[in-house]
Participant: 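Sharing a structure here in structure tokens format.
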Amino acid sequence: MATRNNLHLHILLLMLCMLASACTQSESGYRYVATEEAREADGVFLFDAELGDTTLAYTLNLAARVVTSRIPDRLLRLDILVTDPLGAPTIDHVTIPLREGPGIRLKLGSGSVIDIETAWQKDLHVPASRTGRWQIAVTAADTAQLYALYGIGFSYSGTPWEKGN
């Protein structure tokens, strides 16, 4: 009897964990665009995000594989053109220091190659009038930095939005 109760308890805990993770996190997956693909698109790393849930606050993440020796000041500068589902464009300029720091994850590769990831936008709440597929076009602000990139990655996730945010 005790074994059966333990089994029921484990199943209940597993179901609660699955339910809690389904309610608190919406994961988009991850997309990586290699520099060769971006060069064919005039240096544009193109991504999209389905931001359709008005009850979530979204975090948009950027990642890159970079040859740091090709960026003398160790600052990766990116221009990001975001187009919402209504076609309204917004331009964002992002500078990512190529070193460990608050909100930056860094993984050393071989030689001067590193993988770096950071949250580019946090707590983005999408009103009902702008839900849907957003397009994100990332370019190197300095075209010379394009040759320092192996590629750029993009991901997004959502957590429950509280009106006070």
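The model shown is predicted, which means the values in this text are computed figures rather than measured ones. The chain is numbered in sequence order, starting from 1.
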Participant: Report the C-alpha distance between Tyr58 and Asp53 in whole Å, list the side-chain angles of each, state the deciding distance to 0.1 Å, and finish with yes or no for side-chain contact (heavy atoms from CB on, under 4.5 Å).
Facilitator: CA-CA 9 Å; Tyr58 290 99; Asp53 190 337; 3.4 Å; yes
Participant: Would you say Asn61 and Tyr156 make side-chain contact, with heavy atoms under 4.5 Å?
Facilitator: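 Answer no - side chains too far apart.
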Participant: Does any non-hydrogen side-chain atom of Ile136 lie less than 4.5 Å from one of Asp48?
Facilitator: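 Side-chain contact under 4.5 Å: no.
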Participant: Taking C-beta and beyond as the side chain, do Trp134 and Val82 meet within less than 4.5 Å on heavy atoms?
Facilitator: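 Yes. Closest side-chain heavy atoms under 4.5 Å.
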Participant: Taking the side chain from Ser112 and the backbone from Val67, do they hold a donor-acceptor pair closer than 3.5 Å?
Facilitator: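 Checking the backbone N and O of Val67 against the side chain of Ser112, no donor-acceptor pair under 3.5 Å is found.
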Participant: Donor-acceptor check, side chain of Thr139 to backbone of Gly43, threshold 3.5 angstrom: yes or no?
Facilitator: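 The answer is no, because no donor-acceptor pair under 3.5 Å joins these two groups.
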Participant: Would you find more than 12 non-hydrogen atoms of other residues, nucleotides or ligands less than 6.0 Å from Arg39 atom CZ?
Facilitator: yes
Participant: Please name the pair of heavy atoms, one in Ala63 and one in Tyr30, separated by the smallest distance, quoted to 0.1 Å.
Facilitator: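 Where Ala63 meets Tyr30 most closely, the heavy atoms are CB-OH, 3.6 Å.
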Participant: Starting from the C-alpha separation in whole Å, work towards a yes-or-no answer on salt bridge (Lys or Arg N to Asp or Glu O under 4.0 Å) for Asp142 and Arg77.
Facilitator: CA-CA 7 Å; Asp142 176 358; Arg77 292 177 181 84; over 6 Å; no
Participant: Quick check: are there more than 12 heavy atoms from other residues, nucleotides or ligands sitting under 6.0 Å from CG of Asp73?
Facilitator: yes
Participant: Measure the CZ-CD1 distance between Phe47 and Ile152 for me, rounded to the nearest 0.5 Å.
Facilitator: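 It is 6.0 Å, given to the nearest 0.5 Å.
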Participant: Find out whether Leu62 and Glu117 are in side-chain contact, i.e. whether some heavy atom of one side chain is under 4.5 Å from a heavy atom of the other.
Facilitator: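 A side-chain contact under 4.5 Å is absent here.
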Participant: So Val44 and Val138, do their side chains get closer than 4.5 Å, heavy atoms only?
Facilitator: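 In short, these two side chains do not touch, never coming nearer than 4.5 Å.
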Participant: Side chains of Ile71 and Leu76, heavy atoms from C-beta outward: is any pair under 4.5 Å?
Facilitator: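 Yes - at least one pair of side-chain heavy atoms lies under 4.5 Å apart.
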Participant: A quick test of your reading: do over 12 heavy atoms of other residues, nucleotides or ligands sit less than 6.0 Å from OH of Tyr32?
Facilitator: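 Correct, the count exceeds 12.
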Participant: Heavy atoms only: give me the nearest Ala57-Trp161 pair and the separation to one decimal.
Facilitator: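 Scanning both residues, the minimum pair turns out to be N-CB, 3.6 Å.
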Participant: Output, in order, the C-alpha distance, side-chain angles, deciding distance and verdict of salt bridge (Lys or Arg N to Asp or Glu O under 4.0 Å) for Glu50 and Arg31.
Facilitator: CA-CA 13 Å; Glu50 187 65 40; Arg31 174 135 163 40; over 6 Å; no
Participant: Do any N or O atoms from the side chain of Tyr150 and from the backbone of Asp115 form a donor-acceptor pair under 3.5 angstrom?
Facilitator: no
Participant: Could you check Leu146 against Phe45 for side-chain contact (heavy atoms from CB on, under 4.5 Å), going step by step and ending with a plain yes or no?
Facilitator: CA-CA 10 Å; Leu146 183 62; Phe45 297 83; 3.8 Å; yes
Participant: Should Thr83 and Leu81 be marked as a side-chain contact (heavy atoms from CB on, under 4.5 Å) after you check the CA-CA gap, both sets of side-chain angles, and the distance that decides it?
Facilitator: CA-CA 7 Å; Thr83 307; Leu81 172 63; 4.2 Å; yes
Participant: Tell me, please, which residues at least two apart from Leu108 pass side chain to side chain contact (heavy atoms under 4.5 Å, CB included).
Facilitator: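 Per chain and number, Leu108 pairs via side chain to side chain contact (heavy atoms under 4.5 Å, CB included) with Leu106, Ile114.
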Participant: Is it true that a side-chain atom of Thr35 and a backbone atom of Leu149 form a donor plus acceptor pair closer than 3.5 Å?
Facilitator: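 Yes.
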Participant: Hey, is the main chain of Val113 close enough, under 3.5 Å, to the side chain of Arg65 for a donor-acceptor pair?
Facilitator: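 No; judged by distance alone, with no hydrogens or angles, the pair does not exist.
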Participant: May I have the list of side-chain donor-acceptor pairs in residues 84-104 shorter than 3.5 Å, sequence neighbours left out?
Facilitator:
| from | atom 1 | to | atom 2 | distance (Å) |
| --- | --- | --- | --- | --- |
| Asp84 | OD1 | Leu86 | N | 2.8 |
| Asp84 | OD1 | Gly87 | N | 3.0 |
| Asp84 | OD1 | Ala88 | N | 3.0 |
| Asp84 | OD2 | Arg130 | NE | 2.8 |
| Asp84 | OD2 | Arg130 | NH2 | 3.2 |
| Asp92 | OD2 | Trp120 | NE1 | 2.7 |
| Asp92 | OD2 | Gln121 | NE2 | 3.1 |
| His93 | ND1 | Asp79 | OD1 | 2.6 |

Participant: Nearest 0.5 Å please: distance from the NZ atom of Lys107 over to the CD1 atom of Ile116.
Facilitator: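 Between atom NZ of Lys107 and atom CD1 of Ile116 there are 13.5 Å.
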Participant: Just by modelled atom types, is the Leu75 backbone N or O under 3.5 Å from a matching donor or acceptor in the Gln145 side chain?
Facilitator: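 Yes.
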